[in-house]
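Everything on this sheet refers to the single structure shown next.
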Amino acid sequence: MAISMIPSQTLNMMSRSGSFKCRTMSPLNSLIRTNSITSRTISCTASTITTSTDSTRLHLANLEKLLQKPSPAPIAQPPQTPIKGSDKSSDRASFLEKRVGIGLLEGLNLARIWPGEGAAAAAAEEMSPRHLVRLQRLLSMTQEHSPRNHLGSRWREYHGSNDWAGMLDPLDENLRREVVKYGELVQAAYQGFHSDPAMPEMAPPERHMALPDRSYRVTKSLYATSSIGLPKWVDDVAPDLEWMTQRSSWIGYVAVCDDRREIQRMGRRDIVIALRGTATCLEWAENLRAQQVPIADNGDNDGNVQAGQLQPKVQTGFLSLYKTRGAYVSSLAESVVEEVKGLMEQYKGETLSITVTGHSLGAALALLVADELSTCAPDVPPVAVFSFGGPRVGNEAFADRVGAKNVKVLRIVNNQDLITRVPGPLLSGELEQKLRSTRVAEEYWDYSHVGTEMKVETKMSPYLKPDADIACCHDLEAYLHLVDGFSSSECPFRPNAKRSLLKLLHEQGSNMKRLYIRKAKTLTLNLETERQAMFMSSCLPSPS
C-alpha cells in the first residue's frame with residue numbers, strides 16, 4: 001500500500017540502482033538538521049522509503065515551493081517631502097516657473113565637460129552655469145547701464161577742461177557712462193535717417209524722434225548737401241534709388257537737455273549736436289575727395305596767416321558737405337550756428353555746455369561744427385567733441401587752430417579700425433617722410449589728428465574674433481561694446497560689463513566667436529523674436 005503512493009519516476013530510479021544517496025545539507029528535507037551531519041551520506045533502502053510516506057510528501061512539497069520563486073518586491077520610493085506651509089506653495093511654484101531657464105543651465109553642469117588643466121580649465125570656467133546666466137542677461141533686450149553718478153562741480157573735467165588727464169587709463173566710470181550716452185545719441189541719428197531716407201521735393205518738415213536718452217529733446221533737424229552732381233542718366237537707370245543719389249540728406253539733429261533732474265546731475269544744461277556716418281552714394285564720393293583746401297574763417301579766408309606759418313586746410317569732401325546749401329535746406333554750417341545761437345539766447349543766464357558727437361563721417365563733420373561754434377558768438381559755452389571712428393580732417397595747422405580755440409576733442413579710436421588712418425598715407429615711415437617733403441604731400445598726405453585719443457581694440461573683447469573684419473572694427477555698436485567693457489590697458493575688458501550683446505550679435509554675428517554663437521543659440525530660444533523687437537525699438541543699430 002505504501003509503495004503505490006510513490007511516483008512512478010521514483011520507482012523506476014530505485015529499480016535501476018536499488019538505493020540513492022541524499023546530502024544532509026539539502027534544504028528540501030526539513031526533518032534533518034543541517035548542523036548535525038556535515039560530511040557523511042546516508043544510504044536509504046527501498047523498504048525504508050516505503051515506511052516514510054509522510055517524509056516524502058513533505059520533501060516534494062518543499063521542492064514545489066522552491067521551484068515556484070516569488071517575484072521580487074518593488075523597491076519602495078522615498079516619500080516626497082511636501083513644502084511646508086500651504087499658503088506658500090503657489091508662490092513657490094511661480095518662483096520655479098520664473099527660474100526654469102536658470103535652473104536648466106545650472107542642471108547642465110557643463111563645467112565637467114572639460115578637464116581642469118591649462119586652457120581647458122579656463123574653458124570649463126567660462127562655460128560654468130554662473131557665466132551662462134551672465135551671458136543670458138547680456139543677450140536680453142532689457143538694457144542695463146552703468147550708474148549715472150552726480151557730476152556736480154566736476155562737470156568741466158568730464159567735458160574735457162583738462163583734456164581728460166588721468167581719466168582714460170584706467171577709464172573713469174562716470175566718463176565711460178557719458179561716452180556711451182553720446183554714442184547712443186549718434187545711433188539715434190542713424191535711425192532717423194534710415195526710417196525716412198528720401199528727401200522731399202519741397203522744404204522738409206521737422207522730424208519727430210524718440211531719443212534713447214529721454215532727458216534730451218530734439219529742436220532742429222540737420223541736412224548735409226553734396227556739391228557733386230551726377231549725370232542725368234543715373235536717375236533714369238535707377239529711379240527707385242533716388243534717395244541714394246540725392247544731393248541733400250538728413251544727417252543729424254540738435255537736441256537740448258530738458259530734464260531738471262538730469263540738469264542737476266550733470267551740473268549744467270547740455271546742448272548736443274549728433275551726426276551720423278556715411279550712408280549715400282554722394283557722401284561716399286565726397287569721402288574720396290582727399291585733396292586739401294583752405295578753411296574760411298567767417299569770410300576772412302585766414303588772410304591774416306603770418307609768413308612761414310602753414311595755412312589751416314581740411315579735406316575737400318568734408319568741407320563740401322559742411323558748407324554746401326541745398327535746394328530746399330540751408331547748409332549744415334548755417335543750420336547748426338543758427339539753432340545753437342537761438343538756444344543760447346533762450347537759456348541765457350543758465351550754465352550751458354555744447355557737445356558735438358559723431359561717428360565716421362559724422363566725426364569729421366563734428367570737428368568742423370565745433371571749430372565754427374567756438375567763435376560764433378561772444379561768451380560761447382565750453383565746446384567738446386566726442387567722436388567715434390573718425391578719420392583725419394585737416395593738416396597740422398588745422399589741428400593747432402582747433403586747439404587754440406579751446407575746443408576739447410576726445411577721439412575714441414579702435415586700434416584695428418582703418419578708417420581712423422585715412423586720409424593720409426598707409427605707407428612705411430621712410431616713404432611717408434619722403435612724401436611729406438613734396439608739394440603732393442602738402443595737398444594730399446599732410447593730415448593730422450586733433451585732440452586726445454582714447455584707444456580701444458577689438459582683440460580686447462572676449463566675444464569678438466581677434467581677426468574681425470573692417471566692417472566690425474568700424475561699426476558703432478562694436479565701439480560702444482568696447483568702451484563699455486574697457487577698464488584699463490592692464491585689464492582690458494571688465495567682467496561686469498553692462499551693455500547688451502543682442503545688437504552686436506545681430507550686426508556682427510559673423511565676427512563673434514563660435515563658442516558664444518553656440519551659447520547664444522542655446523540660451524536664447526526666442527532670439528529671432530528679440531531681433532524683431534530690436535528693429536521696432538526707438539533706436540536702431542547703425543550700419544557698418
Side-chain angles (χ1 to χ4, degrees), residues 119 122-123 126-127 131-132 134-141 143 176 179-180 183-184 186-187 190-191 194 276-279 284 287 359-363 387-391 411-422 426 454-487 489 491-495 497-524 526-535 537 539-544:
E126 185 64 35
M127 286 291 287
H131 284 74
L132 291 176
R134 175 174 173 269
L135 181 62
Q136 188 176 42
R137 178 185 63 79
L138 291 178
L139 288 170
S140 171
M141 278 298 297
Q143 290 282 354
R176 175 194 291 114
V179 170
V180 171
E184 290 175 341
V186 178
Q187 283 186 327
Y190 277 110
Q191 188 271 343
H194 289 287
R276 62 165 175 82
T278 308
W284 280 111
N287 291 340
H359 170 247
S360 191
L361 170 63
S387 69
F388 300 86
R411 297 171 40 252
I412 296 90
V413 175
N414 186 346
N415 196 40
Q416 297 170 255
D417 184 4
L418 294 180
I419 303 300
T420 61
R421 305 178 191 177
V422 297
L426 293 175
M454 173 185 167
K455 186 173 294 186
V456 294
E457 195 168 1
T458 304
K459 295 178 181 179
M460 298 184 330
S461 172
Y463 307 101
L464 294 174
K465 295 178 181 178
D467 58 344
D469 58 31
I470 298 176
C472 177
C473 295
H474 187 61
D475 184 70
L476 179 55
E477 181 59 35
Y479 264 93
L480 299 184
H481 165 70
L482 295 175
V483 171
D484 181 65
F486 181 75
S487 179
S489 56
C491 181
F493 209 89
R494 60 178 182 144
K498 305 292 185 181
R499 190 165 186 81
S500 172
L501 294 174
L502 191 60
K503 290 182 181 179
L504 188 65
L505 180 65
H506 171 74
E507 294 184 44
Q508 302 298 335
S510 62
N511 290 295
M512 295 192 73
K513 295 179 180 178
R514 294 183 180 179
L515 171 65
Y516 293 101
I517 294 294
R518 293 195 298 267
K519 290 163 68 175
K521 291 180 179 179
T522 303
L523 297 178
T524 56
N526 58 340
L527 183 59
E528 199 62 35
T529 303
E530 294 186 354
R531 287 180 179 177
Q532 295 176 3
M534 180 184 65
F535 278 111
S537 64
C539 184
L540 295 181
S542 66
S544 298

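Nothing here was measured: the structure is a model prediction, and the numbers come from that model.
Summarising the geometry of Val179 relative to Phe388, their closest heavy-atom pair is O-CZ, 3.4 Å, with the distance given to 0.1 Å. For Ala468 against Cys473, the heavy-atom pair with the smallest separation is O-SG, 3.8 Å. Between Pro466 and Lys513, the shortest heavy-atom distance links the atoms CD-CE, 4.3 Å. Nearest heavy-atom pair across Gly485 and Ala497 is CA-CB, 4.1 Å. Between His474 and Gly389, the shortest heavy-atom contact is CE1-O, 3.3 Å. When all heavy atoms of Ser360 and Gly277 are compared, the pair lying nearest together is CB-CA, 4.2 Å.
With Lys465 contributing its side chain and Ser510 its backbone, the two residues share a donor-acceptor pair below 3.5 Å.
Summarising the geometry, atom CZ belonging to Arg421 is positioned 6.0 Å from atom CG belonging to Asn415; distances are rounded to the nearest 0.5 Å. With values rounded to the nearest 0.5 angstrom, Gln187 atom CD is found 5.0 Å from Leu480 atom CG. Here the CD atom belonging to Gln191 is positioned 13.5 Å from the CD atom belonging to Glu184, to the nearest 0.5 angstrom. The CG atom of Asn511 sits 11.0 Å away from the CD1 atom of Ile470 when rounded to the nearest 0.5 Å. Here Asn414 contributes atom CG and Asp475 contributes atom CG; the two are 10.5 Å apart, rounded to the nearest 0.5 Å. Residue Tyr479 holds its OH atom at 10.5 Å from SG of Cys472, rounded to the nearest 0.5 Å.
A donor-acceptor contact closer than 3.5 angstrom links the side chains of Tyr190 and His359.
Taking 4.5 Å as the limit, some side-chain heavy atom of Met512 sits within range of a side-chain heavy atom of Leu464. Under the 4.5 Å side-chain criterion, counting only non-hydrogen atoms from C-beta, Arg176 is in contact with Arg494. Looking only at side-chain heavy atoms (C-beta outward), Glu477 and Arg499 come within less than 4.5 Å of each other.
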Steps toward side-chain contact (heavy atoms from CB on, under 4.5 Å) verdict (His481, Phe493): CA-CA 10 Å; His481 165 70; Phe493 209 89; 3.4 Å; yes
